[in-house]
Trainee: 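Handing you this structure, nothing more for now.
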Amino acid sequence: METAGLPAAAVGNGELGPQRDLSLVPERLQRREHERQQEVERRKQKRQDQEVEEEKSDFFAAAFARERAAVEELLEGGESVEQLEEAAARLQGLQKLINDAVLFLAAYDLRQGQEVLARLQEALAKRREEMQPKKRFAFKTRRKDAASAAKVDSAPRAPAAEGSLASQPPLKEEGGFGSSWICGFSNVQYQVLEKRAEELHQRDVLLTQLSNCTIKLYGNPNTLRLTKARGCTLLCGPVSTSVFLEDCSDCVLAVACQQLRVHTTRDTRIFLQVTSRAIVEDCTGIQFAPYTWSYPGIDQDFEGSGLDRSKNNWNDVDDFNWLARDVASPNWSVLPEEERRVQWD
């Protein structure tokens with residue numbers, strides 16, 4: 001049988017169609033085979049990457065659980081300063097473990113680890129406070145230099161009825177923060193507040209309920225917490241571990257740390273040096289720029305803090321309220337370069 005004047009053998013051999021189509025068949029087959037091999041390699045690489053990430057995640061989970069248990073044991077049974085210092089050292093190890101894992105940990109796992117770390121740091125501060133000897137009550141003559149604890153700015157003072165303080169007493173609130181390990185300022189308005197390196201070295205700093213103040217912290221604290229601040233400027237030397245910012249508005253900060261967490265804060269500029277990714281949650285109008293504050297002795301403070309000055313993730317921010325990876329969060333942004341020229345002094 002013949003079809004359209006062609007021999008049956010030609011039909012059976014697939015010789016129908018123009019000659020140029022027959023010449024393209026091997027090229028199409030080669031291209032298809034090449035694409036197939038590429039897809040096989042992509043899937044193989046994806047499986048290998050997934051296995052590596054799972055191995056890293058498993059290692060992180062095991063190491064974190066082991067160190068967490070050790071810290072909890074030290075905090076629960078620690079009856080000596082040496083044990084608390086060992087717990088503090090292990091907490092720094094936990095912080096480094098989290099910093100190294102930010103590239104492969106899921107956001108949820110990262111958040112859980114950071115929350116555990118924050119709770120352990122708070123528990124350590126509480127145990128340090130409990131270890132302090134209780135002072136006997138006695139009347140004391142007020143020192144003449146007590147009023148120099150806070151410098152009064154040229155801005156107008158708030159009336160005394162509103163809680164403005166000429167001098168700053170030790171903190172006796174926020175869960176009993178009266179420990180010698182913890183220092184800071186509370187309930188102050190329209191003042192310039194300073195602490196020097198010898199006052200801050202590896203101590204926990206608490207700043208709360210400040211309004212229209214400028215706070216300068218020269219030195220190397222262990223942690224820093226700023227809460228309920230309005231219209232304040234905070235300049236701080238390198239913090240060895242974490243900086244927490246909560247319930248603040250219209251503030252400007254210059255901070256260097258391992259970890260930054262910002263909660264329920266709005267319209268605030270942060271000049272940042274951070275070795276892990278910063279975290280914002282329930283925030284709006286947060287702007288980030290590189291850390292630029294400097295003062296005599298800051299190089300020595302960075303060395304003492306253990307921070308890597310060559311590593312700064314100031315614009316690598318996780319917004320826990322924004323899960324879309326392909327769309328930028330509307331809650332934070334990079335501060336334009338023309339707005340970064342700030343005269344700190």
Side-chain angles (χ1 to χ4, degrees), residues 111 114-115 118 121-122 125 150 153 155 158 162-165 168 171 173-175 177 182-195 200 204-217 221-239 241-274 276-293 314-315 317-322 329-335 339-340 342 344:
R111 180 178 181 179
Q114 289 169 333
E115 289 178 351
Q121 288 173 334
E122 291 176 358
D153 198 358
E162 296 183 11
S164 176
L165 304 179
Q168 181 58 37
L171 290 169
E173 51 192 271
E174 296 291 331
F177 285 101
I182 300 176
C183 61
F185 301 99
S186 179
N187 296 296
V188 183
Q189 300 182 28
Y190 295 104
Q191 295 190 25
V192 175
L193 310 170
E194 293 187 1
K195 284 194 177 293
L200 292 179
D204 300 319
V205 179
L206 174 65
L207 307 170
T208 182
Q209 294 181 336
L210 305 179
S211 177
N212 298 294
C213 291
T214 296
I215 310 102
K216 297 182 180 181
L217 307 176
N222 180 49
T223 64
L224 170 64
R225 182 183 294 271
L226 176 67
T227 66
K228 298 178 175 63
R230 303 289 181 265
C232 291
T233 297
L234 168 62
L235 311 176
C236 185
V239 179
T241 57
S242 302
V243 172
F244 301 92
L245 181 63
E246 185 173 16
D247 191 17
C248 298
S249 63
D250 302 301
C251 292
V252 177
L253 288 80
V255 291
C257 56
Q258 282 189 2
Q259 177 194 34
L260 172 71
R261 298 194 65 172
V262 186
H263 291 267
T264 56
T265 293
R266 63 178 177 82
D267 302 330
T268 291
R269 290 180 291 166
I270 303 176
F271 293 78
L272 180 63
Q273 169 91 32
V274 65
S276 63
R277 291 202 297 257
I279 294 172
V280 298
E281 187 172 16
D282 299 327
C283 296
T284 58
I286 309 299
Q287 293 182 297
F288 291 95
Y291 182 80
T292 55
W293 190 45
W314 64 272
N315 59 348
V317 181
D318 285 332
D319 183 353
F320 283 168
N321 297 106
W322 190 257
S329 167
N331 300 317
W332 71 272
S333 62
V334 171
L335 185 66
E339 298 180 28
R340 301 179 191 175
V342 179
W344 298 119

Trainee: Report the distance from atom CG of Leu224 to atom CG of Leu207, rounding to the nearest 0.5 Å.
Mentor: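 Going from the CG atom of Leu224 to the CG atom of Leu207 covers 5.5 Å.
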
Trainee: Going by heavy atoms in the side chains, are Thr268 and Ile270 under 4.5 Å from each other?
Mentor: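 Heavy-atom side-chain distance check passes, below 4.5 Å.
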
Trainee: Would you mind reporting whether Glu122 and Phe244 have side-chain heavy atoms less than 4.5 Å apart?
Mentor: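 In short, these two side chains do not touch, never coming nearer than 4.5 Å.
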
Trainee: Which heavy atom of Val239 sits nearest a heavy atom of Thr223, and at what distance?
Mentor: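 In terms of heavy atoms, the two residues are closest at CG1-CA, 3.7 Å.
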
Trainee: Do Phe320 and His263 have side-chain heavy atoms sitting under 4.5 Å apart?
Mentor: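 No. Closest side-chain heavy atoms not under 4.5 Å.
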
Trainee: With a 4.5 Å heavy-atom cut-off, do Arg266 and Ile286 have their side chains touching?
Mentor: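 When only atoms from C-beta onward are counted, Ile286 and Arg266 do not touch, as no gap falls below 4.5 Å.
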
Trainee: How far apart are the closest heavy atoms of Phe271 and Arg340, and which atoms are they?
Mentor: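 Of all heavy-atom pairs spanning Phe271 and Arg340, the closest is CE2-O, 3.8 Å.
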
Trainee: To the nearest 0.5 angstrom, please state how far the CG atom of Leu226 sits from the OG1 atom of Thr208.
Mentor: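 One finds 8.0 Å between CG of Leu226 and OG1 of Thr208.
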
Trainee: Over all heavy atoms of both residues, which pair between Glu194 and Phe185 is shortest? Give the atoms and the distance, please.
Mentor: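 Minimum heavy-atom separation between Glu194 and Phe185: O-CZ, 3.6 Å.
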
Trainee: Do you know which two heavy atoms are closest between Val274 and Gln258, and how far apart they sit?
Mentor: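 Distance-wise, the nearest heavy atoms are CG2-O, 3.3 Å.
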
Trainee: Give, for atom CG of Leu210 and atom CD of Gln189, the distance between the pair rounded to the nearest 0.5 Å.
Mentor: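 Taking CG in Leu210 and CD in Gln189, the distance rounds to 9.5 Å.
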
Trainee: Quick check: closest heavy atoms across Leu234 and Leu217, and the distance to 0.1 Å?
Mentor: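 Smallest heavy-atom distance, with atoms named: CD1-CD1, 3.9 Å.
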
Trainee: Are the side chains of Arg261 and Glu246 in touch, meaning some heavy atoms are under 4.5 Å apart?
Mentor: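 They are not in side-chain contact.
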
Trainee: Measure the spacing between CD of Gln121 and CG of Asp204 and express it to the nearest 0.5 Å.
Mentor: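 With rounding to 0.5 Å, CD (Gln121) is 8.0 Å from CG (Asp204).
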
Trainee: To the nearest 0.5 angstrom, please state how far the CZ atom of Arg277 sits from the CG atom of Asp318.
Mentor: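 Rounded to the nearest 0.5 Å, the CZ-CG separation comes to 4.0 Å.
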
Trainee: Output, in order, the C-alpha distance, side-chain angles, deciding distance and verdict of side chain to side chain contact (heavy atoms under 4.5 Å, CB included) for Ile215 and Cys232.
Mentor: CA-CA 8 Å; Ile215 310 102; Cys232 291; 4.1 Å; yes

Trainee: Donor-acceptor pair, distance only, cut-off 3.5 Å: does the side chain of Asn321 make one with the backbone of Asp282?
Mentor: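 Such a contact is found between Asn321 side chain and Asp282 backbone.
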
Trainee: Could you tell me whether the side chain of Val280 reaches within less than 4.5 Å of the side chain of Phe288, counting heavy atoms only?
Mentor: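 Yes, at least one pair of side-chain atoms sits under 4.5 Å.
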
Trainee: Determine the minimum heavy-atom distance between Trp293 and Ala254, stating which atoms define it.
Mentor: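 Scanning both residues, the minimum pair turns out to be CB-CB, 4.0 Å.
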
Trainee: Using a 4.5 Å cut-off on heavy atoms from C-beta on, say whether the side chain of Trp332 contacts that of Cys283.
Mentor: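 The answer is no; the side chains never approach within 4.5 Å.
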
Trainee: Check whether any side-chain heavy atom of Val262 sits under 4.5 Å from a side-chain heavy atom of Leu260, and report yes or no.
Mentor: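 Yes, side chains in contact.
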
Trainee: Check the pair Arg230 / Asp247 against side chain to side chain contact (heavy atoms under 4.5 Å, CB included), numbers first and verdict last.
Mentor: CA-CA 9 Å; Arg230 303 289 181 265; Asp247 191 17; 3.2 Å; yes

Trainee: Going from SG on Cys236 to CD on Gln273, what distance comes out if it is rounded to the nearest 0.5 angstrom?
Mentor: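 Rounded to the nearest 0.5 Å, the SG-CD separation comes to 13.0 Å.
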
